[in-house]
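Letters A, B, ... mirror the listed sequences (proteins, then strands); counts begin at 1. All figures in this text were calculated on a predicted structure; none of them were measured in a lab.
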Amino acid sequence: MSKLQPVRGTHDLLPGDSRAHRHVMDLARSTAALYGYEEMSTPIFEFTEVFKRTLGDVSDIVTKEMYTFQDKGGEWITLRPENTAGVARALISGGLSQNLPLKYFYGGPMFRYERPQKGRLRQFHQIGAELLGVAEALGDVEIIALGAHILKTLGVADQVKLELNTLGDSESRADYRASLVKYLSGHLNDLSAESRDRLERNPLRILDSKNEGDRRIVAGAPKLAEYLNPSSREFFQNVCAGLDALGIAYELNPHLVRGLDYYCHSAFEFTTEALGAQGAVLAGGRYDGLVETMGGPPTPGVGWAAGIERLAMLVGEVDNKANMIAVVPVGADMEAEAFAVTQELRAAGLCADLAFRGNMSKRLKRANRAGAVCAVLLGGDEAARGNVTLRDLGTGDQQEVARDGLLDHLKRYS
RNA sequence: GCGGGUGUAGCUCAGCUGGUUAGAGCACCUGAUUGUGGUUCAGGGGGUCGGGGGUUCAAGUCCCCUCACUCGCCCCA
């Protein structure tokens with residue numbers, strides 16, 4: 001490799017990848033629109049404080065994964081590692097909370113300074129949806145239904161399963177956390193080094209540890225479900241009932257948690273086995289405390305984000321290219337006419353291409369390689385009769401047609 | 001940030017225990033084909049063997065460092 005290489009964990013999206021990304025983005029956007037979620041974008045960088053406040057000083061994202069730098073004015077700036085914080089900031093700084101509830105869809109690049117792996121990059125792309133100002137369980141149901149709908153539209157529904165859990169409200173959660181820490185502290189010496197570390201900053205995460213010793217300890221730990229107060233229990237029952245009513249299948253996973261304090265009630269992940277260690281494809285939850293944490297008015301919220309690269313890998317090859325028509329002048333004297341015809345086709349909304357050089361044979365070869373479906377051959381003989389030759393590049397059949405009626409003959413290729 | 005694997009042409013790879021001018025398939029270019037692509041045939045271009053250092057008479061091959069990719073951990077989309 002020469003020195004000219006992309007920065008670690010970044011990739012060029014050449015047309016094949018770009019097409020796949022656009023496919024995911026377009027289908028997701030139009031599906032979201034069916035639910036009334038409109039696209040919005042926030043800047044790809046924010047003041048570092050925006051993420052520190054929302055993600056907490058101790059989360060991994062803040063402590064080791066943020067791309068942070070000082071700009072020329074001395075401000076601390078961070079490339080967004082996720083977009084919920086940006087949306088919440090926009091809600092506050094734009095005074096949007098006057099118009100609740102709000103439904104937003106977004107998509108774009110995110111940045112995390114991580115060790116790259118399959119399906120995990122330093123610059124990656126996410127789509128996401130946020131529902132703000134709805135405290136009802138029906139909001140959770142809708143946001144999950146939207147995610148499921150998009151996965152189905154993309155044709156990857158059979159490769160994923162929905163895992164669901166509840167964290168309860170802040171009261172239930174705080175009670176549980178306290179008793180979990182108490183229990184785990186009694187097994188301090190048997191916990192893995194990572195989990196001992198987590199015990200301080202993110203104890204709920206220990207429930208999801210992959211370490212076998214940890215799992216044995218966790219098996220005897222108090223259960224979150226037993227600490228749910230009546231209203232939290234009812235909320236979760238309503239979410240489940242709503243999903244049942246819509247026929248959305250899910251699996252309860254009591255170990256599915258979110259570390260940060262403003263998360264509550266539903267936590268969910270659509271996961272796959274197809275992407276190695278990166279199982280989560282579309283994940284989210286309820287974050288009623290977030291906006292307030294940032295200094296805004298108390299505003300309930302629920303949402304999810306999904307990795308476009310991961311979705312694109314599940315989707316596989318995408319062929320959404322327009323059918324191309326190659327215009328081929330037979331001799332140099334027909335080039336001007338060929339360009340005129342090409343422009344006519346383009347003006348009529350057809351995808352047309354005129355090679356920049358080469359004889360007829362070369363141009364046809366090029367057209368074939370580019371995947372053109374048909375070629376318009378412009379030769380002096382036909383021109384004298386007011387005609388052009390139409391060659392179907394799939395079948396090889398060709399016919400001479402009137403120059404004036406060309407567009408009619410080409411309509412079937414559009 | 002931690003541990004394992006890999007790195008030879010645009011792509012997929014071969015290259016035996018170190019030993020001449022580093023190979024193949026596909027792709028690309030030219031010609032057969034100055035009015036016909038996809039098939040065929042003939043020819044051609046393309047490599048500082050990821051980069052740097054070391055051992056040796058001799059390194060693609062052995063050693064060290066480094067970079068990138070990859071698998072897992074952490075964490076997450």
Give me the residues of [range] where at least one heavy atom lies under 4.0 Å from an atom of RNA chain B, by number, or none.
range: residues 334-342 of chain A; result: none
range: residues 391-412 of chain A; result: A:R391, A:L393, A:G394, A:G396, A:Q398
range: residues 300-315 of chain A; result: A:A305, A:G307, A:R310

Proximal nucleotide (of [options]) relative to the [X] side chain:
X: A:L364; options: B:C67, B:G1, B:G37; value: B:G37
X: A:A283; options: B:U36, B:G35, B:A77; value: B:A77
X: A:N359; options: B:G35, B:A77, B:U34; value: B:U34

* Asked: With distance as the sole test, does A:T78 use its side chain to make a donor-acceptor pair with the main-chain N or O of A:R80 at under 3.5 Å?
  -> no
For [N], which nucleotide is its Watson-Crick or G-U wobble mate, given both distances must be under 3.5 Å?
N: B:G10; answer: B:C26
N: B:G72; answer: B:C2
N: B:G18; answer: none
N: B:G38; answer: none
N: B:U33; answer: none

Looking at [Y] and [X], is any side-chain nitrogen of the basic one under 4.0 Å from a carboxylate oxygen of the acidic one?
X: A:K103; Y: A:E38; answer: no
X: A:E335; Y: A:R363; answer: yes
X: A:R286; Y: A:D140; answer: yes
X: A:R173; Y: A:D175; answer: no
X: A:R385; Y: A:E400; answer: yes
X: A:K161; Y: A:E269; answer: no
X: A:E114; Y: A:R122; answer: no

* Verify the ring-centre separation between A:F105 and A:Y37: is it less than 6.0 angstrom? => no
Distance only, no hydrogens: is a donor on one side chain within 3.5 Å (strictly under) of an acceptor on the other, for [X] and [Y]?
X: A:S361; Y: A:N359; value: no
X: A:E171; Y: A:Y176; value: no
X: A:E163; Y: A:N253; value: yes
X: A:T389; Y: A:Q398; value: no
X: A:D244; Y: A:Y250; value: yes
X: A:S97; Y: A:T299; value: no
X: A:N83; Y: A:T42; value: yes

[N] [atom2] sits how many Å from [X] [atom1], rounded?
X: A:R8; N: B:U70; atom1: CZ; atom2: C1'; value: 11 Å
X: A:L378; N: B:U36; atom1: CG; atom2: C1'; value: 13 Å
X: A:D214; N: B:C73; atom1: CG; atom2: C1'; value: 13 Å
X: A:R120; N: B:C71; atom1: CZ; atom2: P; value: 11 Å
X: A:E130; N: B:A77; atom1: CD; atom2: P; value: 11 Å
X: A:Q126; N: B:C76; atom1: CD; atom2: P; value: 13 Å
X: A:M360; N: B:G38; atom1: CE; atom2: C1'; value: 14 Å
X: A:R198; N: B:C74; atom1: CZ; atom2: P; value: 6 Å

* Quick one: sort the A:Y183 and A:H187 rings into parallel, tilted or perpendicular, breaks at 30° and 60°. => tilted
Find every protein N or O atom lying less than 3.5 Å from an N or O atom of nucleotides 25-29 of chain B, and list the pairs.
residue	atom	partner	partner atom	Å
B:C28	OP1	A:R369	NH1	3.4
B:C29	OP1	A:R369	NH2	3.4
B:C29	OP2	A:R369	NH1	3.3

Which value, in whole Å, describes the distance between the [atom1] atoms of nucleotides [N] and [M]?
N: B:C74; M: B:G4; atom1: C1'; answer: 16 Å
N: B:U55; M: B:U61; atom1: P; answer: 15 Å
N: B:C28; M: B:G38; atom1: P; answer: 10 Å
N: B:C64; M: B:U56; atom1: C1'; answer: 16 Å
N: B:A58; M: B:C2; atom1: C1'; answer: 39 Å
N: B:G47; M: B:U21; atom1: C1'; answer: 14 Å
N: B:G7; M: B:G60; atom1: C1'; answer: 11 Å
N: B:U48; M: B:A22; atom1: C1'; answer: 13 Å

* Asked: Is atom CZ of A:F69 surrounded by more than 12 heavy atoms (other residues, nucleotides or ligands) closer than 6.0 Å?
  -> yes
* To do: Report, as yes or no, whether the 6.0 Å neighbourhood of atom CZ on A:R366 holds more than 12 heavy atoms from other residues, nucleotides or ligands.
  => no
Quick test: give all pairs of protein nitrogen or oxygen and nucleotides 42-44 of chain B nitrogen or oxygen below 3.5 Å, distance rounded to 0.1 Å.
none

Report all interatomic pairs (protein N or O, nucleotide N or O of nucleotides 2-4 of chain B) with separations under 3.5 Å.
residue	atom	partner	partner atom	Å
B:C2	N4	A:R115	NH1	3.0
B:G3	O6	A:R115	NH2	3.3

* Would you indicate what A:E269 reaches in the nucleic acid, counting non-hydrogen atoms under 4.0 angstrom: base, sugar-phosphate, or nothing? => nothing
* Is A:V330 touching bases, backbone alone, or none of the nucleic acid, heavy atoms closer than 4.0 Å? -> base
* Asked: Under 3.5 Å, is there an N or O donor on one side and an acceptor on the other linking the side chain of A:R112 and the base of B:A77?
  -> yes
* **Base B:G37 to side chain A:N368, donor-acceptor N/O within 3.5 Å cut-off** => yes
* Asked: Taking only side-chain nitrogens and oxygens of A:S361, does any of them come within less than 4.0 Å of OP1 or OP2 of B:U33?
  -> no
* **B:C74 phosphate, OP1 or OP2, under 4.0 Å from A:R205 side-chain N/O** => no
* Asked: Is there a salt bridge (Lys or Arg N to Asp or Glu O under 4.0 Å) between A:E65 and A:R115 once you walk through the steps?
  -> CA-CA 10 Å; A:E65 293 177 2; A:R115 183 102 171 226; over 6 Å; no
* If each of A:A372 and A:G119 is mapped to the nucleotide of RNA chain B with the nearest heavy atom, which maps nearer the 5' terminus, i.e. the 5' end? -> A:A372
* What is the minimum heavy-atom distance between A:P254 and A:L207, and which atoms define it? -> O-CD1, 4.3 Å
* Option passing side chain to side chain contact (heavy atoms under 4.5 Å, CB included) with A:L131 (candidates A:L102, A:L100, A:L146, A:I143) -> A:I143
